[in-house]
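Worksheet: the structure to be examined is printed underneath.
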Amino acid sequence: MAATPDPRKRILTGVRPTGALHLGHYVGALENWIRLQREYECFFLIADYQVSDYADDFQRVRDSIFEVALDWLAVGLDPEGSHFLIESGVPEHAELTQWLSWWVPLGMLERNPTLKAEMADLELRHSVPVAFFNYPMMQVANILMPKAHLVPVGEDQLPHIELTREVARRFNRMFERQVFPEPEPLVGRIARLVGTDGDAKMSKSKNNAIFLGDDKETVLLKVRGMYTDPTRLRATDPGHVEGNPVFMYHDAFNPNEDEVNDLKERYVLGKVGDVEVKTKLAAALNAFLDPIRERRSYYEARPDLVREALHAGTSHARTVAQATMAEVRDAMRINYLG
Ligand code: TRP
């Protein structure tokens, strides 16, 4: 019996398997994935071709694939209605990347601000692998492969979605066929969550992240160590709420608005200490993380379910990829031998 085609529009989005996911991933992107997973047919991709910056630590890539899948299940992504896929399990991605790279001049990648920043960062520690330079092209292939309409991502990914739109236009124009739709980006409710150290961005490598898998005690310790208002020396000094990471997190994660407003009012008057503000933040974060922890332990005890989700999703994505590649070859007329 042939499977009924899914009538929903498609999402393709993903992450690179470099380790566990944190609160920044949640508000920047994951939250949208969870919200949209029923409305769209979703392809959630683990981009293991795109971590050549970890070339000297391949075990990290292997481990992270399962870590990411577990994080996804823990936050409530549902592999019954969506497809979890491992990029290299669909080698058609490599093939499509190679063809599409024909229509992207080097300068277009060289000017990509996200890639530029990442390469500058990488160059300080490492030489940059050729594969790293080309990862945005691979991301283009990821998105175009299932002909995705929507790509919910963090703000730093916007240049890559713009590149995807440009490549789709070029390909369609070149071969005079509407093979690929131009996908729209969608950024999360908080485009960039600051780190616990007040740095512009929460990131694992900066050691300023609260992970979705952190236990209660770890969250409490990290919150206690958070940067607040550097101008405030005593609890009786009037404090600043604007730009204060502790209040940014309250705004992002504490659903009790009355409590947050009360803390802010007292803070600017110098009538509340950092300890109370932080204790309440840790409680709010732990309440937010509790259901995630519960689902995580369920799946941790059942690793076969994690593997099964990756297996089924990858195999479905491969079928979709083969259909797209047949269209691509047809449009390009590369069936040279008839
Ligand atoms: N580059 C993305 C990141 O670093 C991960 C990614 C790979 C991705 N392929 C994608 C995101 C396709 C969206 C769509 O987070």
Side-chain angles (χ1 to χ4, degrees), residues 10-22 24-33 36-37 40-54 60-61 64-65 67-69 71-72 77 82-94 96-97 100 109 112-119 121-122 129 131-168 180-188 191-193 201-205 209 313-314 317 320-321 324:
R10 285 179 175 167
I11 278 178
L12 181 130
T13 187
V15 293
R16 305 187 326 134
T18 60
L21 304 180
H22 53 61
H25 291 114
Y26 193 91
V27 287
L30 280 175
E31 197 173 55
N32 275 334
W33 306 8
L36 296 168
Q37 66 179 329
Y40 286 80
E41 181 184 12
C42 293
F43 293 78
F44 299 123
L45 172 130
I46 303 179
D48 65 329
Y49 277 137
Q50 296 174 49
V51 284
S52 54
D53 43 332
Y54 289 87
R60 164 89 160 264
V61 176
S64 299
I65 288 174
E67 215 167 346
V68 165
D71 272 328
W72 285 354
L77 292 180
S82 315
H83 319 293
F84 288 12
L85 65 133
I86 301 174
E87 184 182 38
S88 67
V90 184
E92 287 77 7
H93 288 125
L96 186 57
T97 302
L100 296 178
L109 287 181
N112 181 307
T114 295
L115 183 62
K116 233 165 130 174
E118 287 168 338
M119 292 219 302
D121 200 41
L122 189 52
F132 193 86
F133 183 69
N134 209 37
Y135 95 76
M137 279 312 301
M138 197 128 223
Q139 183 162 343
V140 167
N142 298 153
I143 296 168
L144 296 184
M145 190 67 90
K147 306 184 179 186
H149 301 90
L150 189 68
V151 192
V153 277
E155 188 188 37
D156 58 331
Q157 299 297 306
L158 292 178
H160 303 340
I161 316 300
E162 200 38 62
L163 175 67
T164 308
R165 294 169 60 87
E166 180 65 36
V167 173
F180 298 117
E182 281 180 49
E184 300 286 340
L186 178 70
V187 174
R192 198 176 290 249
L193 186 69
K201 198 178 170 196
M202 182 173 279
S203 104
K204 184 177 48 238
S205 59
T314 304
V320 170
T324 299

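Residue numbers start at 1 and run along the sequence shown. Note that ligands are numbered from 1 as they come in the structure, with each ligand's atoms numbered from 1 the same way.
Residue contacts with ligand 1 for Val15 involve N, CA, C or O but no side-chain atom from C-beta outward (heavy atoms, distance under 4.0 Å). Contact annotation for Gln50 and ligand 1: only side-chain heavy atoms (C-beta onward) come within less than 4.0 Å of the ligand.
Taking every heavy atom of Leu45 and a limit of under 4.0 angstrom, the matching atoms of ligand 1 come to 9 (N). Residue Val153 has at least one heavy-atom neighbour below 4.0 Å for each of these atoms of ligand 1: 11 (C), 13 (C). Of all atoms in ligand 1, numbered sequentially from 1 with element shown, those under 4.0 Å from a heavy atom of Ile143 are 12 (C), 14 (C). Remark: ligand 1 atoms within the under-4.0 Å shell around heavy atoms of Ala47 are 7 (C).
The protein heavy-atom contact nearest to atom 9 (N) of ligand 1 is Asn142 OD1, 2.8 Å. Residue, atom and distance of the protein heavy atom nearest to atom 10 (C) of ligand 1 are Gln139 CG, 3.4 Å. Protein heavy atom closest to atom 5 (C) of ligand 1, with residue, atom name and distance, is Gly14 O, 3.5 Å. Looking only at heavy atoms of the protein, atom 3 (C) of ligand 1 is closest to Gln157 NE2, 3.4 Å.
Distance alone, capped at 3.5 Å, places no donor-acceptor pair between the Thr114 side chain and the Pro159 backbone. Side-chain atoms of Asp71 come within 3.5 Å of backbone atoms of Leu21 as a donor-acceptor pair (strictly under, hydrogens ignored). Of the possible polar contacts, one joining the Thr13 side chain to the Pro152 backbone as a donor-acceptor pair under 3.5 Å is found. Remark: side-chain polar atoms of Glu87 are paired, donor with acceptor, to backbone N or O of Tyr49 under 3.5 angstrom. Thr324 places no side-chain N or O within 3.5 Å of a backbone atom of Pro146 that could act as its donor or acceptor partner. In this structure, the side chain of Glu67 does not engage the main chain of Gly19 through any donor-acceptor pair within 3.5 Å.
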Test log, rule side chain to side chain contact (heavy atoms under 4.5 Å, CB included), inputs Val151 and Gln157:
CA-CA 10 Å; Val151 192; Gln157 299 297 306; over 6 Å; no

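Residue Thr13 places no N or O, backbone or side chain, under 3.5 Å from any N or O of ligand 1. Checked against a 3.5 angstrom limit, the closest N/O atoms of His160 and ligand 1 fall outside it. Where the criterion is an N or O separation shorter than 3.5 Å, residue side chain and backbone included, Tyr135 fails it with respect to ligand 1.
Tyr40 and His149 form no side-chain donor-acceptor contact under 3.5 Å, judged by distance and modelled atom types alone.
Smallest separation of non-hydrogen atoms from Val68 and Pro17: CG2-CA, 4.4 Å.
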